[in-house]
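For reference, the structure discussed in these notes is given below.
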Amino acid sequence: MERAVAGSADAVAEMITLGTDLMFRYLVDRDDLSASAALVLNRINREGPMRLTALAEAEGASQSGMTQLVQRMERQGLLERWSDPDDGRASLVMLGEAGRKFWDARGDVLRQRVAALLAGVSGDDQVALWLAAQVVVRVLGEMREIAGTRAGVVADIGG
């Protein structure tokens, strides 16, 4: 088993904290969509259609709360529900056309804002950040997978 570099958890936690703060304070429009709705769109965009019960569980929400959120998002055209081909009694929640367009536009705005901020960073630091991002994206993806497969376990870590 590999031994972690001393202080690596602290450094990674600080990186994630700074990135999250930058993201939510400066990079995304917070007026157009609630955080819960944005998280639901992100999950469905990333993982594909899901049953409402699975979506509620994955987001740590009650089924009734998720039902209300999905209904609101359906009225906005962001989400759609279709019959589950594996079980006609159940339905799958998926991105609607407006949801796909909204998510794509949100990504465009994010990239434009990041580019504007990068313009104020030295060329050497831009290269260093790009190189670091090649590793960070891969490793954070792995960490997200680990967290997803151990959802209950991760919540209990440290407690």
Side-chain angles (χ1 to χ4, degrees), residues 1-2 4 8-115 117 132-159:
M1 175 182 246
E2 293 181 32
S8 63
D10 290 340
V12 171
E14 180 67 12
M15 177 191 63
I16 292 170
T17 299
L18 285 170
T20 302
D21 186 58
L22 179 65
M23 179 75 154
F24 286 110
R25 289 185 187 275
Y26 305 107
L27 298 177
V28 297
D29 289 327
R30 294 175 288 156
D31 297 335
D32 50 6
L33 201 61
S34 71
S36 297
L39 289 170
V40 166
L41 280 183
N42 180 49
R43 181 173 299 276
I44 293 175
N45 184 59
R46 192 176 72 241
E47 296 180 18
M50 300 178 75
R51 286 185 174 190
L52 189 109
T53 53
L55 182 59
E57 182 178 330
E59 291 299 319
S62 69
Q63 187 166 342
S64 64
M66 185 57 67
T67 298
Q68 290 175 8
L69 178 60
V70 166
Q71 287 173 342
R72 280 195 307 274
M73 294 174 75
E74 277 184 294
R75 287 191 296 272
Q76 296 171 313
L78 299 171
L79 296 177
E80 296 176 356
R81 277 197 267 190
W82 292 85
S83 182
D84 185 340
D86 296 330
D87 181 355
R89 299 168 297 169
S91 63
L92 294 174
V93 178
M94 61 190 68
L95 283 182
E97 183 62 28
R100 169 103 25 237
K101 287 179 182 177
F102 177 87
W103 199 251
D104 291 346
R106 189 176 173 116
D108 291 343
V109 168
L110 174 64
R111 285 184 289 281
Q112 290 167 4
R113 290 179 179 176
V114 169
L117 291 175
Q134 304 312 298
V135 175
V136 169
V137 166
R138 180 182 55 77
V139 174
L140 287 180
E142 289 174 14
M143 291 172 70
R144 182 173 65 190
E145 289 298 318
I146 292 166
T149 59
R150 296 195 253 157
V153 175
V154 170
D156 293 336
I157 291 176

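The chain is numbered in sequence order, starting from 1. Given the structure is predicted, the values throughout are model-derived calculations rather than measurements.
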Evaluate side chain to side chain contact (heavy atoms under 4.5 Å, CB included) for Leu41 paired with Leu79, printing each intermediate quantity in order. CA-CA 8 Å; Leu41 280 183; Leu79 296 177; 3.8 Å; yes
Please report the interatomic distance CZ(Arg72) to OG(Ser34), rounded to the nearest 0.5 Å. 7.0 Å
State, to 0.1 Å, how close Ile44 and Leu95 come at their nearest heavy-atom pair, and which atoms those are. CG2-N, 3.6 Å
Is the shortest heavy-atom distance from the side chain of Trp82 to the side chain of Met94 under 4.5 Å? yes
Starting at CD of Glu57, measure out to OG1 of Thr53 and round the result to the nearest 0.5 Å. 7.5 Å
Report the C-alpha separation of Leu110 and Met23 in whole Å, then their side-chain angles, then the decisive distance to 0.1 Å, and conclude whether the side chain to side chain contact (heavy atoms under 4.5 Å, CB included) test is met. CA-CA 9 Å; Leu110 174 64; Met23 179 75 154; 3.7 Å; yes
Residues Val136, Met15; criterion side chain to side chain contact (heavy atoms under 4.5 Å, CB included); working and verdict: CA-CA 10 Å; Val136 169; Met15 177 191 63; 4.0 Å; yes
If the test is side-chain contact (heavy atoms from CB on, under 4.5 Å), which one of Leu69, Leu92, Thr67, Val40 qualifies with Leu55? Val40
Atom CD of Glu59: over 12 foreign heavy atoms under 6.0 Å: yes
Between Arg81 and Gln71, which heavy-atom pair has the shortest distance, and what is it? NH2-CG, 3.4 Å
Thinking salt bridges, do Asp108 and Arg111 make one under a 4.0 Å N-O criterion? yes
Pairwise side-chain contact, Leu33 with Arg106, heavy-atom cut-off 4.5 Å (strictly under): yes
How about CE on Met143, more than 12 heavy atoms from neighbouring residues, nucleotides or ligands closer than 6.0 Å, or not? no
